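Please read the structure below before turning to the comments.
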Amino acid sequence: MSGVALQARDVSRWAGGKTLVEAASLALRSGEVLGIIGPNGAGKSTLVRMLAGLDRPDRGEITLLGRPLMQWPAHERARRLGYLPQHFTPHWDYRVTELLRLGLDRTPQGMAGLSALAAQHGLEPLLERRWSSLSGGERGRSLAAAVLAPSPGVILADEPAAALDIGQAAALMALLKGRAAMGAAVAVVVHDLNLAFRWCDRIAAMGGGRIRGEGVPSAMSAPGVLEDIFGIEFERLHAADGSAVVLAVRRPQG
Amino acid sequence: MTWLLPPLGLLAGLLLGAETLSPAEAWSVLRDPGQPLAQLIWQWRMPRVLAAGCVGALLALGGVVFQGVFRNPLAEPYLLGSAGGAAMGATVALLVALPVPSSLALPALAFAGAWGATWLVLALARLAGPASIAALLLAGVAVAAVLGAMRSFLMLALSDETVSLQAVLSWALGGVQTPAWPQLALLAGLTGAALLLCLALARGLDLLGLGEAVAESFGLQVRRFVALAVLAGAFVVAVSVVWGGLVGFVGLMAPHLARWQVGALHAPLMPRAAAIGATLAMLCDGAARAVLPPAEIPLGLVTALIGAPFFLLILAREARRR
């Protein structure tokens, strides 16, 4: 269960004289959901874009299944690695079925899986609908279905819940968790700390372009860690199952 | 439905002209192909109308490729400056004494001009940030204006008795000449090749419509693909400009009309857009010949007259969508 699917070693990226990510090392293991948390500008999206192969690290190395990410042929990588972007607006008013076809194109069996894919994500009634006519939740589900169509072994999601309501966000996390249970290695950037603590197996916290801490949710929600990263104080409540619920309370003095 | 349009356009193009045929005359032409009027139709109008159809199809394909690659619903060869670049190259080939035969220099320079102008517009638009619809159009307008001024200067400075100003000017304003049959066969072959070339880009354009990040993660090598698509688009535009001069807005209208019918996927879109573009060009060319007989008005004038309001319509729709 703990095979490393995607690994970043000491990756850094600069842009315009500014360090976006500095010496970040991270391992995504099969069967595990890794949450990435941190304040805005911490470098989370930049790191995820590098992990997805969209941006090249200026220093350091990323390997997918032991092979350098940039050495994978584009179509092979596309089959093994799914990327859910932070913002997604197609430039043309595609139908849901067209979006799913584009996602399925990456699989060897191609269009044969279309009806199964639609059923799996509850999209059958939406297949002929155009993107502009979908609600936010329907858009999220359609995009996730297209991205996850080839059942990629690595799933990278950059704040996929940003535009979703609380129920839709939980459903999306459950979907990612289910993929991990099927053996995928998942990394997801999450703004809502409690969503991260509830659904992730491990948490990596970023601040100022660096990874400032990594561990299981109970360790990361312990006093001191979050204060250090976000620069504010947190209060901890305890849910019935013993897990921590955190509340941001106020700025520290000074 | 779409496939019925080009035959109708062809028919209208054959009837329209300095002498517009009545249905009775058309019937007599069909019954007696030996009469002088029939000769006129088959020898003169037929190749001319077919050439206009090819030019329209090429403009439509250029529009589909440029709209897809720039992900901009207002992109088209004329507004983007690529047609202006091709015209600049062609003008140089026509007016400047070059060491190569003009049958070679003309298409080569038209292609180089279209390609160079498109990249120039793209580079200028990128200065204004990624994916700005307005920036791309403004850059296109600016580049087209500079190229147009340079072309006019070349025409005034270099035209002499051998190349009349009149001929170059009427071509620059957009107008299809009546080709000889072998020429027409070449144009038709190139149009077919252009369609196949564009169809090869269809899947990549579909993916690019998802945005660069998702396209890349779905396996499209975005930078390489964009470079390839611009090259293909420049080829298509260059062929259309060599045969039809500067004809605006067909490349804008045809893709949209086709998209309303079949949706956004590019493979079904391309042949339909080409059919609609061909029809538009044949109709407009017919009108250009029929309005002021015995004179012809430039084809580009007719297409601009109906295309510019269409442009505003799309612009308004986009403004509402965003």
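Protein chains get the first letters and strands the later ones, always in sequence-line order, with residue 1 at the start of each. This structure is a prediction, so every number in the text was calculated from the model and none was measured.
- Atoms CZ and CG, on B/F218 and A/L104 in that order, are 9.5 Å from each other to the nearest 0.5 Å.
- The nearest pair of heavy atoms linking A/W92 to B/H266 is NE1-CE1, 4.0 Å.
- Proximity of B/L265 to A/Y94: side-chain heavy atoms (C-beta onward) are separated by under 4.5 Å at one or more points.
- For A/Y83, the parts lying near chain B are the backbone and the side chain together; criterion is any non-hydrogen pair under 4.5 Å.
- When heavy atoms are compared at a cutoff of 4.5 Å, A/A149 does not approach chain B at all.
- By the 4.5 Å heavy-atom criterion applied to side chains, A/L143 and B/L210 are not counted as neighbours.
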Problem set entry | B/N72/A/H91 under side chain to side chain contact (heavy atoms under 4.5 Å, CB included): CA gap, chis, key distance, verdict | CA-CA 8 Å; B/N72 185 330; A/H91 296 277; over 6 Å; no

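- With sequence neighbours left out, A/R106 forms a salt bridge (Lys or Arg N to Asp or Glu O under 4.0 Å) with no residue at all.
- Only the backbone of B/L205 comes within less than 4.5 Å of a heavy atom in chain A; its side chain stays farther off.
- By the 4.5 Å heavy-atom criterion applied to side chains, A/R77 and B/E216 are counted as neighbours.
- For a residue to count as touching a neighbouring chain, one of its non-hydrogen atoms must lie under 4.5 Å from one of that chain's; by this rule A/R49 touches chain B with the side chain only.
- Between B/G219 and A/A74 the shortest heavy-atom distance is O-CB, 3.5 Å.
- Residue B/R224 qualifies as open at atom CZ: its count of foreign heavy atoms under 6.0 Å is 12 or below.
- Heavy atoms of other residues, nucleotides or ligands lying less than 6.0 angstrom from OH of B/Y78 number 12 at most.
- Contacts with chain A were tallied for B/V214, B/L208, B/V222; B/V214 has the most, counting heavy-atom pairs under 4.5 Å.
- A heavy-atom distance below 4.5 Å is not found between the side chains of B/E212 and A/L54.
- Contacts of A/L102 with chain B are made by both backbone and side-chain atoms, with heavy-atom separations under 4.5 Å.
- For a residue to count as touching a neighbouring chain, one of its non-hydrogen atoms must lie under 4.5 Å from one of that chain's; by this rule A/D105 touches chain B with the side chain only.
- Annotation for B/G263 and A/R130: closest pair CA-NH2, 3.8 Å, computed over non-hydrogen atoms.
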For residues 170-183 of chain A, run the donor-acceptor check on the side chains, cut-off 3.5 Å, and write out each pair with its distance to 0.1 Å, sequence neighbours left out.
unit_1: A/K177; atom_1: NZ; unit_2: A/W199; atom_2: O; d: 3.4
unit_1: A/K177; atom_1: NZ; unit_2: A/D201; atom_2: OD1; d: 3.0

